[in-house]
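Please read the structure below before turning to the comments.
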Amino acid sequence: MAKQITVEGMSCGGCEENVENALRDLPGVTDAEADNERDSVTVEGEASDEDIAAAVEDAGYTAKV
């Protein structure tokens, strides 16, 4: 199942990579693709919204789920 999450604070490709890596390390996530121009990340898998938000925030960004 794919979810699109709003992520604030990304400004470049490196930011996208930080968010993607943080989410891909999360149990239940099979893939993640961030887009800093749209302030969003698409997450594939079964991880909970709370776990996704926590991983994004641990990476230094703000998630709105």
Do you know which two heavy atoms are closest between [X] and [Y], and how far apart they sit?
X	Y	result
N36	G13	ND2-N, 3.9 Å
A32	L23	CB-CB, 3.8 Å
E16	M10	CA-SD, 4.1 Å
D49	K3	OD1-NZ, 3.0 Å
A53	V65	CB-CG1, 4.3 Å
I52	A47	CD1-O, 3.8 Å

- Message: Would you say that S40 contacts D35 through its side chain, given a criterion of any heavy-atom pair below 4.5 Å between the two side chains?
- Response: yes
- Mind checking whether V7 and D39 have side chains closer than 4.5 Å, heavy atoms only? no
- Message: Treating E8 as the side-chain partner and T62 as the backbone partner, does any N or O pair qualify as donor plus acceptor under 3.5 Å?
- Response: no
- Does V29 offer a backbone N or O that forms a donor-acceptor pair with the side chain of R24 under 3.5 Å? no
Spacing of [X] atom [atom1] and [Y] atom [atom2] [to the nearest 0.5 Å]:
X	Y	atom1	atom2	value
D25	D58	CG	CG	11.5 Å
D51	E46	CG	CD	12.5 Å
E17	C12	CD	SG	9.5 Å

- Query: Taking atom CD of E44 as the centre, does the number of heavy atoms from other residues, nucleotides or ligands within less than 6.0 Å exceed 12?
  - Reply: yes
